[in-house]
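Heads up: the structure comes next, in structure tokens.
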Protein chains: 2
Amino acid sequence: MTGNSRFAVSVHVLAYLAYKAGEQVTSAEIASSVSTNPVVIRRLLSALVKARLVLGHKGVGGGFGLASAPANITLLDIYRAVEPQPDHGLDRFAPNHKCPVGARIETILRTAFFKAQTSMEAELARVSLEDVNQQLKAVCPGKH
Amino acid sequence: MTGNSRFAVSVHVLAYLAYKAGEQVTSAEIASSVSTNPVVIRRLLSALVKARLVLGHKGVGGGFGLASAPANITLLDIYRAVEPQPDHGLDRFAPNHKCPVGARIETILRTAFFKAQTSMEAELARVSLEDVNQQLKAVCPGKH
DNA sequence: CCATATCGTAACAATAGTGGTTACATAAAC
DNA sequence: GTTTATGTAACCACTATTGTTACGATATGG
């Protein structure tokens, strides 16, 4: 096991909402698609609502729906909504500042990690929920 | 806390070996620079030796040294030596294949994660230990 | 050959993150 | 007011990470 599945599940959830655009979808229905417990879904949706990607409604006939058009929601938006700012282990990292290497390495690492992270996020920003939805609905190549 | 500090500490370790190039450096000395236990350092070095980035020698006068010139070791080499292949949570991810979204989302996620990962790794590959060592030895800007 | 320094690695505990589950309060619809 | 659904707290089981002790294996230098 490496890390968590919040981002993967969240993309699934939002893809499901895009797929069912216009409907109110319950956490139970989404949980069935993801194969997990509705509470796990609601926990993620709670973060997605706070990030204004999703609107939730209580009560009879309630459920969740996208807050914007799928074209306006990218994988980066989802990533930032459900993942904490990654620190790449630098919080547990307290080197000996009396050593010339220990005194300077942290700044060098921060710079390198920031560039790597920025590059990864740019790639996530290139994919929108509309792209995902189109792939979901695409016919299998070679069929018919 | 997010994830582990293996990569950050490993870069520190190899930067230290580059800084002390030509010498045999003990795990105890490195541990002092990192502010941790020598066994933690030896565990990481074990992976770095297996990846052929470092050579180790037992016994009196033993220790560790770089296996190649710093210019030939990149942060990506270090990353791959000490981090498992990231799966971004897809191992714990077993959606309901009876749902049209659940049946197709995993492939879409794999593609997106692969692109993001590749982009991040390309950025890590742009930095060599020689670059790190030059930054370590650089004078503060504005001084003299 | 023996004492010493050093690595290599197993074993264990403490801590923390993750995901699943139950429970229950809150709110909206009819 | 009954029903449906969210919102969230609390708890458990599981796993990863780090620090630590312990000890065997190996190389060096007398």
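Letters A, B, ... are given to chains in the order of the sequence lines, protein chains preceding strands, and every chain is numbered from 1.
Between G63(B) and R6(A), the residue anchored closer to the 5' end of DNA chain C is G63(B), taking for each the nucleotide with the nearest heavy atom. Residue V25(B) is the one, among T36(A) and V25(B), whose nearest nucleotide of DNA chain C lies closer to the 5' end (criterion: closest heavy atom). Both T26(A) and P84(B) lie close to DNA chain D; mapped to their nearest nucleotides by heavy-atom distance, the more 5′-ward contact belongs to T26(A).
Classification of the Y79(B)-F7(B) ring pair by plane angle, with boundaries at 30° and 60°, yields perpendicular.
Ring centroids of H12(B) and F93(A) are separated by less than 6.0 Å, placing the two rings close together.
Distance alone, capped at 3.5 Å, places no donor-acceptor pair between the E123(A) side chain and the A116(B) backbone.
Look at CZ on F93(A): it is 11 Å from P on dG19(D), rounded to the nearest Å. Rounding to whole angstrom units, CG of residue N4(A) and C1' of dG17(C) are separated by 9 Å. Going from atom NE2 of H57(A) over to atom P of dC30(C) covers 13 Å, rounded to whole Å. In this structure, L45(A) atom CG and dG7(D) atom P are separated by 8 Å, rounded to whole Å. Put simply, CG on L55(B) is 17 Å from C1' on dT26(D), counting in whole angstrom units. Protein atom CG of L44(B) is 11 Å distant from nucleotide atom C1' of dT18(D), rounded to whole Å. For the pair R42(B) CZ and dT26(D) P, the computed distance is 15 Å after rounding to whole Å. I41(A) has its CD1 atom 16 Å from the C1' atom of dT8(D), to the nearest Å.
In this structure, V82(A) and A47(A) approach most closely via the heavy-atom pair CG1-CB, 4.3 Å.
The environment of NZ in K98(B) is sparse: at most 12 heavy-atom neighbours from other residues, nucleotides or ligands sit within 6.0 Å.
Under 4.0 angstrom from either OP1 or OP2 of dG19(C) there lies at least one side-chain N or O belonging to R92(B). Dashed line: the shortest gap from a side-chain N or O of N37(B) to OP1 or OP2 of dT20(D) is under 4.0 Å. Proximity of S27(A) to the phosphate of dA5(D): no side-chain N or O atom is located under 4.0 Å from OP1 or OP2. OP1 or OP2 of dT18(D) has at least one side-chain nitrogen or oxygen of S5(B) nearer than 4.0 Å.
Among the nucleotides dA10(C), dA23(C), dG20(C), the one closest to any side-chain atom of V40(A) is dG20(C). The side chain of K58(B) lies closest to dA27(D), out of dT17(D), dG19(D), dA27(D). Distances were taken from every side-chain heavy atom of K50(A) (C-beta onward) to each of dG19(C), dT8(D), dT17(D); the shortest belongs to dT8(D). Looking at the side chain of V60(A), the nearest of the listed nucleotides dA29(C), dG20(C), dT20(D) is dA29(C).
R43(A) comes within 4.0 angstrom of a nucleotide base, judged by non-hydrogen atoms across all strands.
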